[in-house]
A.B. asks: 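A single structure is presented below for examination.
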Amino acid sequence: MNLNNYQNRHDLLIDWMLEEVSPEARVLDVGANDGSFCPEVKRVADNVGLFAGVDPDDSKLNRHPFLDQRYPALLEEAEIDANSFDCLYAIYVFEHVSDPHRFLEAAGRILKPGGSLFFITPNGYQYFAFLASLFGKLGAQRAVLKAIRPEQLVDRYHYPAYYRLNSPRRLRKLGREYGFTQCEFRYSERLDEFACYFPGVTKVFPKLWEKMVQVTGAEKLLGNLMGRMIQG
């Protein structure tokens with residue numbers, strides 16, 4: 001169980017991905033931004049044949065230091081050839097997808113047969129995603145974040161979140177519709193990743209949650225959902 005026994009959740013995903021893709025692979029970072037949110041992606045750039053990025057913010061995409069190719073658009077709208085990438089990955093992007101059908105259709109089209117879509121996203125079976133989704137429906141996500149997190153951090157990295165593509169059950173169901181014949185999921189959580197959103201005495205809640213998961217062994221309730229979806 002990956003519970004408070006690792007240093008970096010991004011590296012957990014990248015380790016998994018680099019175990020599965022070949023050194024000659026063509027890899028696309030979905031939601032690449034400018035590379036500063038996840039500098040660990042340099043490991044991907046250094047270990048694959050071609051490293052590309054797609055992101056609707058072209059100014060940030062152009063500042064990304066590790067990319068060989070850039071596509072300034074949403075994945076759903078990008079002019080990317082069919083069957084052109086061996087691997088796509090998305091680091092904290094799935095929760096921001098407004099139309100899961102269009103997103104998975106585009107991913108399935110771009111991947112070569114047998115290609116993989118890797119991702120990490122807040123787990124829909126844990127409290128964080130539930131609360132964030134609730135605040136989103138109330139139109140209060142940004143206001144709540146600014147009350148509990150540094151304003152500069154919120155302004156730089158916060159985007160509207162919908163939480164429509166972050167539960168294993170939904171991912172399996174929708175994935176089959178767009179040719180993803182295999183799905184594998186892994187779970188992780190480190191206390192400081194979530195306790196930082198709980199001020200004062202409320203920090204007891206994430207601590208109690210982790211104790212419950214540890215006692216029951218229900219790792220599917222941990223906060224980070226990682227996955228690999230394979231295109232048939």
A.B. asks: Taking only residues two or more places apart in sequence, or in another chain, which ones meet Phe118 in a ring pair (Phe, Tyr, Trp, His ring centres under 6.0 Å)?
C.D. replies: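 Partners of Phe118 under the ring pair (Phe, Tyr, Trp, His ring centres under 6.0 Å) test: Trp16.
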A.B. asks: Would you give the length of the straight line joining atom CG of Asp99 to atom CD of Glu105, rounded to the nearest 0.5 angstrom?
C.D. replies: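 These two atoms lie 9.0 Å from each other.
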A.B. asks: Carefully, step by step, assess Leu171 and Leu165 under the rule side chain to side chain contact (heavy atoms under 4.5 Å, CB included).
C.D. replies: CA-CA 6 Å; Leu171 283 159; Leu165 194 61; 3.6 Å; yes
A.B. asks: For the atom pair CD1 (Ile14) and NE2 (His10), what is the distance rounded to the nearest 0.5 Å?
C.D. replies: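 Separation between the atoms: 8.0 Å.
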A.B. asks: Working to the nearest 0.5 Å, report the span between OG1 of Thr121 and CG of Leu13.
C.D. replies: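 Rounded to the nearest 0.5 Å, the OG1-CG separation comes to 11.0 Å.
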A.B. asks: Restricting to non-hydrogen atoms, name the atom on Ala129 and the atom on Gly124 that form the minimum distance, rounded to 0.1 Å.
C.D. replies: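 Result for this residue pair: CB-CA, 3.9 Å.
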A.B. asks: Given 3.5 Å as the limit, does a donor-acceptor pair link the side chain of Asn5 with the main chain of Leu3, or not?
C.D. replies: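 Side chain of Asn5 to backbone of Leu3: a pair is present.
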A.B. asks: Indicate if Phe130 and Val213 have the same hydrophobic cluster label, given that clusters are the connected sets of ILVMFWY residues with side-chain heavy-atom separations under 4.5 angstrom.
C.D. replies: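 Same cluster.
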A.B. asks: Is Asp29 close to Val44 at the side-chain level, that is, under 4.5 Å between some pair of heavy atoms?
C.D. replies: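 Of all side-chain heavy-atom pairs linking Asp29 with Val44, none is under 4.5 Å.
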A.B. asks: I'd like to check Pro100 versus Arg170 (side-chain heavy atoms, cut-off strictly below 4.5 Å). Are they in contact?
C.D. replies: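 Side chain of Pro100 against side chain of Arg170, heavy atoms only: contact under 4.5 Å found.
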A.B. asks: Please report the shortest heavy-atom distance between Lys42 and Asp46, naming the atom on each side.
C.D. replies: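 Lys42 and Asp46 have their closest heavy atoms at NZ-OD2, 2.7 Å.
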A.B. asks: Per the side chain to side chain donor-acceptor pair (under 3.5 Å) rule, what does the pair list look like for residues 106-117, sequence neighbours excluded?
C.D. replies: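 Checked against side chain to side chain donor-acceptor pair (under 3.5 Å) - neighbours excluded - the pairs reaching residues 106-117 are Asp86-Lys112, Ser116-Arg228.
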A.B. asks: Let me confirm one number: the CG-CG distance from Asn123 to Asn166, rounded to the nearest 0.5 Å.
C.D. replies: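 Reported value, rounded in 0.5 Å steps: 7.5 Å.
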A.B. asks: Looking at Met17 and Cys87, what are the two nearest heavy atoms and their distance?
C.D. replies: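 In this case the closest contact between Met17 and Cys87 is SD-SG, 3.6 Å.
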A.B. asks: To the closest 0.5 Å, what do you measure between CG (Asp11) and SG (Cys38)?
C.D. replies: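 Reported to 0.5 Å precision, the distance equals 7.5 Å.
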A.B. asks: Which is it for Tyr92 and Arg9 under the side chain to side chain contact (heavy atoms under 4.5 Å, CB included) test, yes or no, and what are the steps along the way?
C.D. replies: CA-CA 11 Å; Tyr92 291 101; Arg9 54 190 169 180; 3.3 Å; yes
A.B. asks: Could you pull out every donor-acceptor pair under 3.5 Å between side chains of residues 67-81 and any protein atom, sequence neighbours left out?
C.D. replies:
| from | atom 1 | to | atom 2 | distance (Å) |
| --- | --- | --- | --- | --- |
| Asp68 | OD2 | Phe51 | N | 2.8 |
| Gln69 | OE1 | Tyr71 | OH | 2.9 |
| Arg70 | NE | Leu61 | O | 2.9 |
| Arg70 | NH2 | His64 | O | 2.4 |

A.B. asks: Identify the residue among Asp57, Asp55, Asp34 that makes a salt bridge (Lys or Arg N to Asp or Glu O under 4.0 Å) with Arg63.
C.D. replies: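 Option passing the salt bridge (Lys or Arg N to Asp or Glu O under 4.0 Å) with Arg63: Asp34.
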A.B. asks: Is there a side-chain contact between Leu117 and Leu104 (heavy atoms, below 4.5 Å)?
C.D. replies: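 Heavy-atom side-chain distance check passes, below 4.5 Å.
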A.B. asks: State plainly whether one hydrophobic cluster holds both Val97 and Leu174, where clusters connect Ile, Leu, Val, Met, Phe, Trp and Tyr through side-chain heavy atoms under 4.5 angstrom apart.
C.D. replies: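 Per the 4.5 Å side-chain linkage, Val97 and Leu174 are co-clustered.
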A.B. asks: To the nearest 0.5 angstrom, please state how far the CG atom of Leu222 sits from the CZ atom of Phe128.
C.D. replies: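 The CG atom of Leu222 sits 14.5 Å away from the CZ atom of Phe128.
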A.B. asks: Side chains of Pro168 and Tyr125: closer than 4.5 Å at any heavy-atom pair?
C.D. replies: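 A side-chain contact exists here, since the closest heavy-atom pair is under 4.5 Å.
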A.B. asks: At their closest point, which heavy atom of Pro39 faces which heavy atom of Phe66, and how far apart are they?
C.D. replies: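 Nearest heavy atoms, Pro39 then Phe66: O-CE1, 4.1 Å.
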A.B. asks: Provide the full list of ring-ring contact (aromatic ring centres under 6.0 Å, His included) pairs with a residue in residues 207-232, sequence neighbours left out, each pair given once.
C.D. replies: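 Found Tyr127-Trp209.
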A.B. asks: Count I, L, V, M, F, W, Y as connected when their side-chain heavy atoms are under 4.5 Å apart, and connections chain through other members. Are Leu18 and Ile230 then in the same cluster?
C.D. replies: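 No: no chain of side-chain contacts under 4.5 Å links Leu18 to Ile230.
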A.B. asks: Mind checking ring pair (Phe, Tyr, Trp, His ring centres under 6.0 Å) for Phe94 and listing every partner two or more places apart, or none if nothing turns up?
C.D. replies: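 Phe94 satisfies ring pair (Phe, Tyr, Trp, His ring centres under 6.0 Å) with Phe103, Phe119 once adjacent residues are dropped.
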A.B. asks: What side-chain donor-acceptor pairs closer than 3.5 Å can you find for residues 177-195, not counting sequence neighbours?
C.D. replies:
| from | atom 1 | to | atom 2 | distance (Å) |
| --- | --- | --- | --- | --- |
| Tyr178 | OH | His101 | ND1 | 3.0 |
| Ser188 | OG | Asn224 | ND2 | 3.2 |
| Glu189 | OE1 | Gln126 | NE2 | 3.1 |
| Glu189 | OE1 | Gly223 | N | 2.7 |
| Arg190 | NE | Asp192 | OD1 | 2.8 |
| Arg190 | NH1 | Tyr6 | O | 3.4 |
| Arg190 | NH1 | Gln7 | O | 2.3 |
| Arg190 | NH2 | Asp192 | OD1 | 3.4 |
| Arg190 | NH2 | Asp192 | OD2 | 3.1 |
| Glu193 | OE1 | Tyr6 | OH | 3.2 |
| Glu193 | OE1 | Arg190 | N | 3.1 |
| Glu193 | OE1 | Asn224 | ND2 | 2.9 |
| Glu193 | OE2 | Tyr6 | OH | 2.9 |

